Amino acid sequence: MDSKLLKLALILGLMSAIGPFAIDMYLPALPDVAAEFDAPVAYAQWTLMAFFVAFGVSQLFYGPASDMFGRKPPIYFGLAVFSLASIGCALAPSIEVLIALRFIQGIGAAAVMSIPRAIIRDLYTGAKATRLMSTIMLVISVSPMLAPLVGSTLIVPFGWRSVFVAVMVATAVSLALALFALPETRQRADRSPFEGRAMLRNFGTLLRDPSFMGLTFIGGLGMSAFFTFLASSSFIYMEFYGLTPTQFSLAFAINALGFFSASQFAANLTARLGAERLIRLSTFGYSLVSLALLGLFAVGAGSLPLLVGLLVLSNVFMGFIMPSSMVLALENHGPIAGAAASLGGTMQMLLGALAMVVSSLLFNGTPIPMLSVIGVCAFGALVLAIVTVRSPSVQPAE
């Protein structure tokens, strides 16, 4: 990878990691939050769900705004909102206030998730874009692998509120990167004035595109499975299996390692196999492993090592699916890349939030509800890949 591509990947990756960082550092605190406020487990899970709902819906506005005003101004706005909400979360007097502030925090975090996708499309397409997306995911991987460990290190001596102080520091770093290191990739001549009808027309074009919709929901179902794991993992690992916060953080990091390690090979496999073929093969493997894991636990053959091991394997397949589907969904929509990135991100996040709602309602303290939702998501992704992902747009390497 050339130095220009690597520099951009580091900048966008560190910025994009802010949202996951605010989620993953917080995971070991969920049982403590429920205990401090004497709230049901579902309420603690809703502090995650509220973040994801806002995170998803807000992308509808950031994408078109970045098409109109350039990529950087909406990023500044989002980081400012995120910072103020983080301060509020650290001072929240009740679970209800915390849920509301996490919603506002999600509004800010959406800027640094949707806009980097549009920046990638401004500069690259095809295998090169997939390579950049994969490298960004490698940078983001610091969050799920290290953030829970950092969170548990802070929570034990200082309490769960200290997590949001650490998030503030990370936000300051992201803001500095946006101000001084990130180039503006949407030049004035390319910017479009705000037109409500034009925005709706662009969304209509995307919603009528079977390829865009299929690829978006394939990625969205993969994301939904991961969000389900986020919402339930701390309670399953720490309360069902009796792990300490630090042990949970290490188990969580191992699970995340499979996804982000595999994502680094996605660009090479895209060039060799073609993006469509890679997605079809990966959704088959993902579905097979996820359903096998559910079946083993359903017949009473489950264990903690089996859970961690097979989740790692299923995440390997997800690591092939996510960057390939994200890039391919935007491939034919360069002129409205911001709108496409925001609409795709919104639908994926709302689907993830729905999966979290379902898993929280079904949650009974055992892994079965979580694995059931993950299995349904994996099988749904396979069906969509069979139905919507057909003709290769990337020729396999000779």
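Owing to the predicted nature of the structure, the values given are computational and were not obtained by experimental measurement.
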Under 3.5 Å, side chain of [X] to main-chain N/O of [Y], donor-acceptor pair present?
X: Tyr241; Y: Phe248; value: no
X: Ser314; Y: Leu311; value: yes
X: Glu239; Y: Gly365; value: no
X: Gln45; Y: Ala231; value: yes
X: Gln247; Y: Thr244; value: yes
X: Ser16; Y: Val112; value: yes
X: Arg161; Y: Ala92; value: yes
X: Ser324; Y: Ile321; value: no

Would you check if the distance from the ring center of Phe52 to the ring center of Phe227 is below 6.0 Å?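 Yes, ring centres under 6.0 Å apart.
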Once rounded to the nearest 0.5 Å, what's the spacing between atom [atom1] of [X] and atom [atom2] of [Y]?
X: Leu12; Y: Lys7; atom1: CG; atom2: NZ; result: 11.5 Å
X: Cys89; Y: Met168; atom1: SG; atom2: CE; result: 11.5 Å
X: Ser325; Y: Phe212; atom1: OG; atom2: CZ; result: 11.0 Å
X: Trp160; Y: Leu98; atom1: CH2; atom2: CG; result: 5.0 Å
X: Met318; Y: Ile218; atom1: CE; atom2: CD1; result: 13.5 Å
X: Leu79; Y: Leu175; atom1: CG; atom2: CG; result: 5.5 Å

Does a side-chain heavy-atom distance below 4.5 Å link Met213 with Met347?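 Contact flag for Met213/Met347 side chains = yes.
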Taking distance alone, no hydrogens or angles, what donor-acceptor pairs closer than 3.5 Å link side-chain atoms of residues 349-364 to residues at least two apart or in another chain?
{"from": "Ser359", "atom 1": "OG", "to": "Ala355", "atom 2": "O", "distance (Å)": "3.2"}
{"from": "Ser359", "atom 1": "OG", "to": "Met356", "atom 2": "O", "distance (Å)": "3.0"}
{"from": "Ser360", "atom 1": "OG", "to": "Met356", "atom 2": "O", "distance (Å)": "3.2"}
{"from": "Ser360", "atom 1": "OG", "to": "Val357", "atom 2": "O", "distance (Å)": "2.8"}
{"from": "Asn364", "atom 1": "OD1", "to": "Thr366", "atom 2": "N", "distance (Å)": "3.1"}
{"from": "Asn364", "atom 1": "OD1", "to": "Thr366", "atom 2": "OG1", "distance (Å)": "2.7"}

Does the Lys NZ or Arg CZ of Arg102 fall within the cation-pi geometry relative to Tyr26 - under 6.0 Å from the ring centre and within 45° of the axis?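 Output yes; distance and angle both within limits.
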Would you say Leu91 and Phe103 are hydrophobically clustered, going by side-chain heavy atoms of ILVMFWY under 4.5 Å?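 No, separate clusters.
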Membership question, hydrophobic clusters at under 4.5 Å side-chain separation (ILVMFWY): are Val373 and Phe379 in the same one?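 No; Val373 is not reachable from Phe379 via cluster members.
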Among Val289, Leu382, Ile386, Ile279, which residue satisfies the side chain to side chain contact (heavy atoms under 4.5 Å, CB included) criterion with Phe284?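 Between Phe284 and the candidates, side chain to side chain contact (heavy atoms under 4.5 Å, CB included) is satisfied uniquely by Leu382.
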Does either side chain, that of Thr216 or that of Gln348, offer a donor lying less than 3.5 Å from an acceptor on the other one?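 No, Gln348 and Thr216 have no side-chain donor paired with an acceptor closer than 3.5 Å.
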